[in-house]
There are 2 protein chains.
Amino acid sequence: MPSRPASTTTSNRTRKRPEERRAEIVDAAAAIALDEGMERITLRAVAERLGVRPGLITHYFPAAEDLVVEAFTRASATERELFFPTGDRTPVGRLAHFVDHMERGLSAPLARLWLNAQHLSRFVPALDTALQQQDALDRERLRSIIVDGVASGDFGRPAGAGIAANRRGTEQTQLDVETAARRILLAVDGTGSYINSSAEVDPVQRGFVADVAEWTLGLAPGTLRATAAASADSAAPSA
Amino acid sequence: MPSRPASTTTSNRTRKRPEERRAEIVDAAAAIALDEGMERITLRAVAERLGVRPGLITHYFPAAEDLVVEAFTRASATERELFFPTGDRTPVGRLAHFVDHMERGLSAPLARLWLNAQHLSRFVPALDTALQQQDALDRERLRSIIVDGVASGDFGRPAGAGIAANRRGTEQTQLDVETAARRILLAVDGTGSYINSSAEVDPVQRGFVADVAEWTLGLAPGTLRATAAASADSAAPSA
DNA sequence: CAGTCCATTGGTCGCATGGCCAATAAGCGA
DNA sequence: TCGCTTATTGGCCATGCGACCAATGGACTG
């Protein structure tokens with residue numbers, strides 16, 4: 001490791017438009033957050049990824065902590081799109097995709113990031129804020145699916161069981177949608193807690209999100225998994 | 001902690017039996033883990049709590065990482081007793097205590113520690129192992145309650161819904177106990193994910209563990225909360 | 001009481017971090 | 001083409017970390 005990387009030759013001084021450079025920095029930090037962890041977002045680490053001197057990062061982010069928060073937001077927002085495709089599927093299909101994506105482990109990087117942020121927000125108040133915002137966005141997406149499903153009659157009686165729902169009072173339909181969305185995301189978080197565990201994934205854990213979703217939405221057990229399988233078949237019909 | 005000079009003045013050199021000193025160190029580290037976070041377990045921080053020089057910590061823990069792992073195990077094991085009291089209650093009563101203890105927020109320190117460890121185990125393999133062990137111990141306690149409840153007939157038909165349960169095959173009763181235990185702990189973890197959030201606790205979130213427990217154990221919604229309330233009344237009948 | 005073991009000290013080293021600052025030069029407008 | 005703005009560099013500083021080590025002295029043994 002020479003002090004000056006051989007690959008990027010000496011004096012690579014390229015001057016970029018501030019917005020462009022800034023975006024580059026956030027992207028690099030987001031990449032680090034996803035595959036090394038947020039605490040590895042360091043002035044030197046980010047700078048090295050960009051082939052740039054650490055001082056430059058400070059120039060754009062006088063407080064390094066702000067970069068961490070922005071990197072989280074970026075990474076989180078980007079990964080979300082993989083969960084909620086814009087496809088014009090049925091509500092059950094969209095929910096099945098969501099669950100299936102998780103069960104296949106495709107959401108591992110995001111789950112790790114999420115766990116990372118949940119813990120780190122203990123020490124970084126601004127991160128707590130960002131986390132709540134991202135969480136709200138996820139919940140909104142999920143709510144949207146549920147509302148559609150209720151309207152189409154696919155989701156049985158989300159009114160369903162549970163203390164919390166009864167406790168809320170006021171308007172009934174709207175509130176139960178919120179209850180269902182929150183429960184499903186709580187199940188997601190519960191499953192995500194084990195993302196860093198080396199233990200073999202337990203079947204109960206694997207199916208937990210689907211089970212909770214079917215329970216709270218009044219779907220027949222197995223509906224989501226069956227839907228996901230059917231969807232996969234139609235997408236890639238070859239054996 | 002009787003022998004603690006007001007200021008860190010005069011050389012208070014007291015020589016203790018190795019086992020005693022070692023226990024002191026682990027206790028101090030566990031305390032730090034609980035109220036400041038595991039990454040704050042540092043040679044200097046632990047030494048300062050004990051009124052001792054950092055080098056002494058190194059003497060007992062040549063690799064600081066080992067102290068972190070041991071501190072987690074200690075803190076976790078200690079806190080667990082608060083969840084599963086040795087009282088001779090009914091299965092429903094024991095489960096209700098467990099849930100109630102959580103809903104009251106009494107488990108906040110443990111939840112924070114747990115979240116901390118779940119993230120940190122990403123970088124500390126030994127911590128991952130310790131975490132799995134502690135998790136197994138929790139699950140064992142819970143399983144014990146469930147088995148008793150099934151035997152007494154308090155828990156309806158834990159066989160119940162869900163894909164995962166069906167998928168397991170083989171013996172039925174035993175496996176569904178495991179399913180229920182895992183589901184409840186997954187709910188606990190999901191709820192715990194929000195432990196560091198400054199947002200107001202949502203009612204759905206607050207009741208999630210109880211809801212999942214009642215769902216997966218075939219209890220009528222509200223049973224656990226009602227039981228906890230009755231138990232509290234009999235314990236403190238005043239007012 | 002003298003001698004020995006080892007718990008404990010005090011100090012140092014190398015490393016990584018975030019932050020700060022003056023000097024440089026790239027790109028743009030006059 | 002010149003000059004100015006400022007993006008970018010290179011360097012330095014204070015802090016906190018784990019690790020290592022020789023010297024000290026407390027407590028126990030003979």
Side-chain angles (χ1 to χ4, degrees), chain A residues 1-5 8-26 28-29 32-33 36-71 120 123-127, chain B residues 1 3-5 7-29 32-33 36-71 120 123-124 126-127:
Chain A
M1 299 189 182
S3 60
R4 246 14 184 107
T8 58
T9 59
T10 57
S11 171
N12 250 19
R13 196 174 207 169
T14 50
R15 185 194 183 105
K16 300 196 173 179
R17 297 190 352 265
E19 326 86 59
E20 184 186 356
R21 182 65 91 184
R22 186 185 167 92
E24 260 189 19
I25 292 174
V26 174
I32 293 174
E36 296 180 49
M38 290 200 274
E39 34 278 286
R40 297 270 221 266
I41 298 180
T42 186
L43 299 182
R44 288 165 178 83
V46 174
E48 193 178 359
R49 277 211 181 205
L50 296 175
V52 143
R53 309 265 70 197
L56 184 59
I57 313 299
T58 300
H59 177 69
Y60 285 92
F61 292 90
E65 201 176 270
D66 293 342
L67 174 56
V68 173
V69 175
E70 218 161 298
L120 206 57
F123 310 104
V124 184
L127 184 57
Chain B
M1 42 194 83
S3 63
R4 186 82 93 67
S7 54
T8 57
T9 54
T10 58
S11 61
N12 254 24
R13 194 174 208 168
T14 48
R15 184 195 181 104
K16 301 196 174 181
R17 297 191 352 267
E19 325 85 59
E20 185 186 355
R21 184 64 92 183
R22 188 187 166 90
E24 261 189 19
I25 293 174
V26 174
D27 282 341
I32 293 175
E36 296 181 51
M38 290 201 273
E39 34 278 287
R40 296 269 222 265
I41 298 180
T42 187
L43 300 183
R44 287 164 179 83
V46 174
E48 192 179 0
R49 277 210 180 204
L50 296 176
V52 141
R53 312 262 67 202
L56 185 58
I57 313 300
T58 299
H59 176 68
Y60 285 92
F61 291 89
E65 203 176 87
D66 293 342
L67 173 57
V68 173
V69 174
E70 218 162 298
L120 205 57
F123 310 104
V124 184
L127 183 57

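- One interatomic measurement links the two molecules: NE2 of A:H59 to P of C:dG19, which rounds to 15 Å at whole-angstrom precision.
- Interatomic distance, A:L56 CG to A:K16 NZ, rounded to the nearest 0.5 Å: 10.5 Å.
- Rounded to an integer number of Å, the gap from CD1 of B:I25 to C1' of C:dT9 is 14 Å.
- In terms of heavy-atom proximity, B:R40 sits nearest to B:A45 at O-CB, 3.6 Å.
- One atom, CD1 of B:I57, and another, C1' of C:dT9, lie 12 Å apart when rounded to the nearest Å.
- Straight-line distance from the CD atom of A:E48 to the P atom of C:dA16: 11 Å, rounded to whole Å.
- Counting to the nearest Å, the P atom of C:dC28 and the NZ atom of A:K16 are 14 Å from each other.
- Contact annotation: A:R21 side-chain N/O to D:dT8 OP1/OP2 distance is under 4.0 Å.
- Atom P of nucleotide C:dT17 and atom CD of B:E39 are separated by 16 Å, given to the nearest angstrom.
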At under 4.0 Å between heavy atoms, which parts of nucleotides 11-17 of chain D does protein reach? Answer with one letter per nucleotide, 5' to 3': B base, S sugar-phosphate only, - none. ------B
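- Looking at B:R21 and B:V52, their side chains come closer than 4.5 Å, going by heavy atoms from C-beta outward.
- The two residues A:A29 and A:A71 have their closest heavy-atom pair at CB-CB, 3.6 Å.
- Using a cutoff of 4.0 Å between basic side-chain nitrogens and carboxylate oxygens, B:E19 and B:R22 are not scored as salt-bridged.
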Readout for nucleotides 25-30 of chain D: B = base within 4.0 Å of protein heavy atom, S = sugar-phosphate only, - = neither; 5' to 3' it is BBS---
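- Of all heavy-atom pairs between B:A33 and B:M38, the closest is CB-CG, 3.8 Å.
- No side-chain heavy atom of B:V26 sits under 4.5 Å from any side-chain heavy atom of B:Y60.
- Residue A:P54 is classed as having no contact, given no heavy-atom separation below 4.0 Å to the nucleic acid.
- Atom CD of B:E20 is separated from atom C1' of C:dT8 by 15 Å (rounded to the nearest Å).
- Counting only heavy atoms from C-beta outward, the side chains of A:F123 and A:E39 never approach each other to under 4.5 Å.
- When the C1' atom of C:dA7 is taken as reference, atom OH of B:Y60 falls 6 Å away, rounded to whole Å.
- We find the CD-CD distance between A:E65 and A:E70 to be 13.0 Å, quoted to the nearest 0.5 Å.
- Residues B:I57 and B:L67 are in side-chain contact: their nearest non-hydrogen atoms beyond the backbone lie under 4.5 Å apart.
- Of the residues in residues 62-70 of chain A, none has a non-hydrogen atom less than 4.0 angstrom from any atom of DNA chain D.
- Nearest approach of A:L43 to A:A64, heavy atoms of both residues: CD2-CB, 4.0 Å.
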